[in-house]
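Worksheet: one structure, shown below.
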Amino acid sequence: MTARKIIIDTDPGQDDAVAILLALASPEDIDVLGITAVAGNVPLSLTSKNARIVCELAGKPDTLVFAGCDRPLGRKLVTAEHVHGQTGLNGPVLPDPVMPLQEQHAVDFIIDTLRAHDAGTVTLCPLGPLTNIAMAFEKAPDIIEKVQEIVLMGGAYFEVGNITPAAEFNIYVDPQAAHIVFSSGAPIVVMPLDVTHKALVTKPRNDAFRAIGSAVGTAVAEMTDFFERFDKEKYGSNGAPLHDPCVTAYLIRPDLFTGRHINVEIETHSELTLGMTVADWWRVTDRPPNALFMGDIDADGFFALLTERLSRL
Ligand SMILES: [Ca+2]
């Protein structure tokens, strides 16, 4: 089988960093055509820098990194320094990147890449707010039918919300963009909080990262340590959820996840529930399915895969 061609759209973020590292560690499964940064966890100047820090940590400074939209389509940017720290990558001390940021705008890179490839051969992997993807779809609607699949981290059903009582962060930051993507007709796979809250970095799993004994293993252990402080306080859980790597793990081992093909709509108006992913998990409407909405993960299998792959870098 040839490696799956992907574009990672991201707002790093410690968990984004681990998702990127997993992809870059798996060239036989995943061919990273480019990484597009978007404003989200922290502002764009930091996410576009952090993406390059992570590529250099992986020893892949030739990876193409593009800066995209610096704010959501129709509202003010909401960030999450309270979770990720001031830089977005708090935890390890990592050097500033030397590799350049590409000059092309991320949205144009997404458009050009989909146009240049055969239909059904490029997968989009959004790990942050969906602004860049929605902007590309609005600017060049012809690319929508060329998308093989969109595998994204965002939303929630049973776990409901983490940034408001009703909404998950990525969708809440740019609900308008999420609405455009979910109504685009492109095949979508969703990794919601329902899944990612089961991918907990417990002490033994953190120790396994550290035991890799490499710069990558140590950095990932320190990132997940930092993350943990916040999540333990908030959820009283045994460790921090590792959200975004669920996306890149799915590309390698889809069998680790189970879900339902259902209708998912995005709340774009209500002040109270803005950004809620209204997922018809129980299939109580006639609205047609538009997403494979995941509900469960083999967490031990996921962490075994992650540790094995990260040890290659
Ligand atoms: Ca993210």
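Remember, it's 1-based here, ligands and their atoms both numbered in the order they're listed.
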Is [X] salt-bridged to [Y], going by a charged N under 4.0 Å from an acidic O?
X: Lys60; Y: Glu56; answer: no
X: Asp29; Y: Arg4; answer: no
X: Arg260; Y: Asp296; answer: no

With Asn41 as reference, evaluate Asp15, Thr87, Asp11 under the side-chain hydrogen bond (donor to acceptor under 3.5 Å, both in side chains) test and give the passing residue.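 By the side-chain hydrogen bond (donor to acceptor under 3.5 Å, both in side chains) criterion, Asn41 pairs with just one of Asp15, Thr87, Asp11: Asp11.
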Taking both backbone and side-chain atoms into account, decide whether Asp244 has an N/O/S atom under 3.0 Å from the Ca ion (ligand 1). yes
How about Leu127: does one of its N, O or S atoms come closer than 3.0 Å to the Ca ion (ligand 1)?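 Of the N, O and S atoms in Leu127, at least one lies under 3.0 Å from the Ca ion (ligand 1), which means yes.
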Atom of Asp11 closest to the Ca ion (ligand 1), considering N, O or S atoms: OD1
